[in-house]
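Down below is the structure, laid out as structure tokens.
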Amino acid sequence: MKEENVNQPLLEKKKKYYENCPGCKVDKANELNEGQGVPFTKLLIVWMLVLCAALPISSLFPFLYFMVRDFNIAKTEADISSYAGYVGSAFMLGRCLTSLFWGTVADRIGRKPVITIGIMSVVIFNTLFGLSTSFWMAVIVRFLLGSLNCLLGPVRAYASELFREEHQTLGLSTVSAAWGIGLIVGPALGGYLSQPVEKYPHIFPKDSFWDKFPYFLPNFVISALAFVVAIGCIWIPETLHNHNYSDESMEDAKALENGNNGADKENIQKNENLFLNWPLMSSIIAYCIFSLHDITYLEVFSLWAVSPQRFGGLNFTTDNVGNVLSISGLALIIYQLTIYPSVEKASGPISLARISSILSIPLLQSYPFITLFSGLALYVVLSILSILKNIFSITIITGLLLLQNRAVEQHQRGAANGIVMTGMSLFNAIGPVTGGAVLTWSQKRMDASFLPGTHMVFFVLNIVEALGLLMMFKPFLVEKKKMHTDHS
């Protein structure tokens, strides 16, 4: 009881609102809306922002093989996957180089303008990518798109600031769910809408604009969605506080001097160096490893599915890939909304993530045997494996995101997200290049005695998965309990 009295002046001080401060307006509105249930409008805002960030990343994978083939840069058919990897990695390389910069800008001028810049970059550069006429144009445009696509980091900070405390976990899990679904829906759109003249000749005539630019339509649809969201950004609230905290800091210090019964220790921790926060850094490292695995898997899956059967592929069309990924995306939505919350509450996010990672290894190594099936059986088996693989992946990523959220206090989440985005982008830049190169190499050793053909590429993916699994156990991964639970 005595501790409650000591902390009370500080709690009251936090409720002071400043006129003309957008962050204070959001906080005040949240206080007035206490007890009014789940804020679905805010969830929709976060969902659409994350979707705009995720769709351009993976939408190219189903048609990238054919796009690079049409550029006529690969000397042999087996080399196409290697060149496709460079195009896929250009986006992440650009984002890796600019993530910290955009995080700093978001802390200076606000989340809203940085988010708007990121969405407009999708509108412009994703459209230009669909108009690419050469390999180097495609690489440069994707690099510029990644450099200016600064959405995910600021949106994570935005989600933690936009919601009341009891809804912040829901907001962050929405970020994770929308991100995972965007990475699935993106390739589905790319599969359905690329090469429309071949697929929908009654709508898109031969020798038309759509025939000259067969990969423009999926990029244009994503850019159109981003344009609508960019207009909607006019009305979304800014959450960054623009007033001076110096007066509050002095008064808080006086309050601590008058009653420093453990509360001062908590305040000192607020200024800790994030790089020395091992619960945060360990979860970020594990998250980067799984991000590397996921982005590499997405590219390898699409390239492998459309590869000729003589190279161990499935000889799928982009439509076939779109069908499989659409089913996976629908299953993922159902899982996130119905099954995951109750299972996570029962077992905890990290235990569930560990189980998912363990089950992913034998599942992934079974992929090369899918070529033994044909017809309807092939679609059914591949769809089931794809659903399970994506469910396991989103379970792991969501668990690690929740762990990162608990490892830092709210005012440091913007900086923490900048570190996360830089690390994730660096690893994701390595993924497509490496995945494309390993796939090309594996397709050139179809008659090898040890792990022939595509068995090798899925084995390499499993090595990365196993490394991430080891990092989710103690002593490497340390879970930090929420600060307020210490005083309950």
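Every heavy atom of this structure was used, including side-chain atoms; hydrogens, water molecules and symmetry mates were not. Positions are given from 1, in the same order as the sequence printed here.
- There is no side-chain donor-acceptor pair under 3.5 Å between Ser442 and Thr454.
- Of all heavy-atom pairs spanning Leu49 and Cys233, the tightest one is CD2-SG, 4.0 Å.
- Within the 3.5 Å criterion, the main-chain N or O of Pro279 finds a donor-acceptor partner in the side chain of Ser282.
- Shown here for Lys206 and Val197, the closest heavy-atom pair between the two residues is CA-CG1, 3.8 Å.
- Inter-residue side-chain proximity for Thr127 and Asn219 is flagged as unmet; no heavy-atom pair is nearer than 4.5 Å.
- Ser351 places no side-chain N or O within donor-acceptor distance of the main-chain N or O of Gly348, the cut-off being under 3.5 Å.
- With hydrogens and angles ignored, the 3.5 Å screen pairs no side-chain donor or acceptor of Arg95 with any backbone N or O of Met421.
- The shortest side-chain heavy-atom distance between Val155 and Arg111 does not fall under the 4.5 Å cut-off.
- The structure places OG of Ser360 at 10.5 Å from CD1 of Ile391, a figure rounded to the nearest 0.5 Å.
- The main-chain N or O of Glu465 is never found under 3.5 Å from a side-chain atom of Asn462 such that the two would form a donor-acceptor pair.
- The aromatic rings of Phe209 and Phe213 sit tilted relative to each other, their planes meeting at an angle between 30° and 60°.
- Using a 4.5 Å heavy-atom threshold, the side chains of Pro368 and Phe458 count as touching.
- Looking at Lys444 and Asp79, a side-chain N of the basic residue comes within less than 4.0 Å of a carboxylate O on the acidic one, giving a salt bridge.
- With contacts defined as side-chain heavy-atom distances shorter than 4.5 Å, the pair Ile80/Ile73 does not qualify.
- Ring centers of Phe311 and Trp304: at least 6.0 Å apart, outside the cut-off.
- Side-chain atoms of Ser89 come within 3.5 Å of backbone atoms of Val433 as a donor-acceptor pair (strictly under, hydrogens ignored).
- For the residue pair Ser307 and Gln443, a side-chain donor N or O sits within less than 3.5 Å of a side-chain acceptor on the partner.
- To the nearest 0.5 angstrom, Asn126 atom CG is 9.5 Å from Phe216 atom CZ.
- One N or O on the side chain of Lys112 and one on the backbone of Ile236 form a donor-acceptor pair closer than 3.5 Å.
- Considering only residues two or more places apart in sequence or on other chains, Glu198 meets the salt bridge (Lys or Arg N to Asp or Glu O under 4.0 Å) condition with none of them.
- What you find for Ser357 and Leu469 is that their closest heavy atoms are OG-CB, 3.3 Å.
- Of the possible donor and acceptor atoms, none in the side chain of Asn149 sits under 3.5 Å from a partner among the backbone N and O of Val122.
- The aromatic ring centroids of Phe129 and Phe125 lie 6.0 Å or more from each other.
- Distance check, rounded to the nearest 0.5 Å: CG of Leu217 to OH of Tyr200 gives 8.5 Å.
- Within 6.0 Å of CZ on Phe66 lie more than 12 heavy atoms contributed by other residues, nucleotides or ligands.
- Between the CG atom of Asp294 and the CG atom of Asn428 there is a distance of 8.5 Å, given to the nearest 0.5 Å.
- A side-chain contact (heavy atoms from CB on, under 4.5 Å) with Leu151 is found for exactly one of Ser121, Pro56, Cys52, namely Cys52.
- Nearest heavy-atom pair, Thr422 versus Ser99, reported as atom, atom and distance to 0.1 Å: OG1-CB, 3.5 Å.
- By the 4.5 Å heavy-atom criterion applied to side chains, Phe459 and Gln365 are counted as neighbours.
- Note: Tyr379 and Phe316 have parallel aromatic rings, judged against thresholds of 30 and 60 degrees for the angle between ring planes.
- Side-chain polar atoms of Ser147 and Thr98 form no donor-acceptor pair below 3.5 angstrom.
- A donor-acceptor contact shorter than 3.5 Å links the side chain of Ser208 to the backbone of Pro205.
- Partners of Arg445 according to the salt bridge (Lys or Arg N to Asp or Glu O under 4.0 Å) rule, which considers only residues two or more places apart in sequence or in another chain, do not exist here.
- Counting heavy atoms from C-beta outward, Ser81 and Trp441 have side chains that stay 4.5 Å or more apart.
- Taking every heavy atom of both residues into account, Phe204 and Pro196 meet most closely at CD1-CB, 3.5 Å.
- Using modelled atom types, no side-chain atom of Ser291 and backbone atom of Met424 make a donor-acceptor pair closer than 3.5 Å.
- A donor-acceptor contact shorter than 3.5 Å links the side chain of Ser326 to the backbone of Gly322.
- Taking the six-membered ring for Trp and the full ring otherwise, Phe91 and Phe143 have centroids separated by 6.0 Å or more.
- A 4.5 Å side-chain heavy-atom check between Phe392 and Leu359 finds at least one atom pair inside the cut-off.
- Ring centroid separation for the pair Trp278 and Phe476 comes in under the 6.0 Å cut-off.
- Between atom CD1 of residue Ile463 and atom NE2 of residue His293 there is a gap of 11.0 Å, rounded to the nearest 0.5 Å.
- Here the rule is side-chain contact (heavy atoms from CB on, under 4.5 Å) with Tyr192, and of Asp319, Leu325, Val321 only Asp319 fits it.
- The two residues Phe71 and Ser132 come nearest to each other via the heavy atoms CE2-O, 3.9 Å.
- At a threshold of 4.5 Å between non-hydrogen side-chain atoms, the residues Leu225 and Met48 count as touching.
- Side-chain N/O atoms of Lys199 and Thr318 include a donor and acceptor closer than 3.5 Å.
- Between Tyr367 and His455, the ring center distance fails the sub-6.0 Å criterion.
- A distance of 5.0 Å separates CG of Asn315 from CD of Gln309, quoted to the nearest 0.5 Å.
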